[in-house]
Amino acid sequence: RYKILKKLNLNFSTMRPVCDEEKLKKNLKKAKSFQTAKHLARAKAQSISQKHPKEIVVGCDTVLVFQNKIINKAKNLNEAFMKIKKLSGKKHKIISAVSVCKNNKQIWSYHQTSIVYLRQLNKDNIDDYLKKTGKQILNSVGCYQIELLGPTIIENIKGDFFNVMGFPLFPFLKFIQRQGA
């Protein structure tokens, strides 16, 4: 997300949100996947907006949905292997949400869904991929980064490239333009 916004020459800074994502997800178990992504994005934005009320704060979240269940980030490379193996040859949804807050109030939100199809991968394919990506892949909910080596295991996407990266860029830019930024 940082790289996307930086390339647009937007003036911004980043801060780590202070919210317990796992606790929030547990409280949202019965929510629809897009609602979970939107709620987490809002919680992240508001956690910063509380401390910086005069600033416009953008919070984001991305969830991966496979067989109608939200799948969390892998905690280690063994989990990443198992996740990629499970997704191999199948499709899943990537839902990214963005929330914009000011004075601790949400002033805009949006979510977008894309479908990602992974290639049919065998053990050697997955091992080779994880060897090349290393632990940085654990930062990605799908254990792939479409902007880096993800295309080596992705067969196709239906939807927006930036959304798969975790940020519904074009709707956000329309919002910014309306604000006169």
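Both backbone and side-chain heavy atoms feed into the values below; hydrogens, waters and symmetry mates do not.
Residues Leu148 and Leu138 do not share a hydrophobic cluster, clusters being chains of Ile/Leu/Val/Met/Phe/Trp/Tyr side chains in contact below 4.5 Å. No path of Ile, Leu, Val, Met, Phe, Trp and Tyr side chains, each step under 4.5 Å between heavy atoms, connects Val100 with Phe34, placing them in separate hydrophobic clusters.
Heavy atoms of other residues, nucleotides or ligands lying less than 6.0 angstrom from NZ of Lys90 number more than 12. Other residues, nucleotides and ligands place no more than 12 heavy atoms under 6.0 Å from the CG atom of Asn68.
The aromatic rings of Phe175 and Trp108 lie parallel to each other, their planes meeting at an angle below 30°, with 60° marking the opposite boundary.
One finds no salt bridge joining Lys131 and Asp127 here, because no Lys/Arg side-chain nitrogen approaches an Asp/Glu carboxylate oxygen to under 4.0 Å.
The side-chain contact (heavy atoms from CB on, under 4.5 Å) with His111 is formed by just one residue from the set Val63, Asp61, Ile95; it is Ile95. For the side-chain contact (heavy atoms from CB on, under 4.5 Å) with Cys101, the lone residue among Gln50, Glu55, Gln46 that qualifies is Gln46.
The OG atom of Ser49 lies 5.0 Å from the CG atom of Asn104; values are rounded to the nearest 0.5 Å.
Checking Gln145 against Ser140 by side-chain atom types alone, no donor-acceptor pair falls below 3.5 Å.
Panel note: side chain Asn103, backbone Lys105; no donor-acceptor pair is recorded below 3.5 Å.
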Can you check ring pair (Phe, Tyr, Trp, His ring centres under 6.0 Å) on Phe167 and Phe172, steps first, answer last? CA-CA 9 Å; Phe167 191 74; Phe172 177 74; 5.0 Å; yes
Check the pair Thr152 / Asp128 against side chain to side chain contact (heavy atoms under 4.5 Å, CB included), numbers first and verdict last. CA-CA 11 Å; Thr152 64; Asp128 184 55; over 6 Å; no
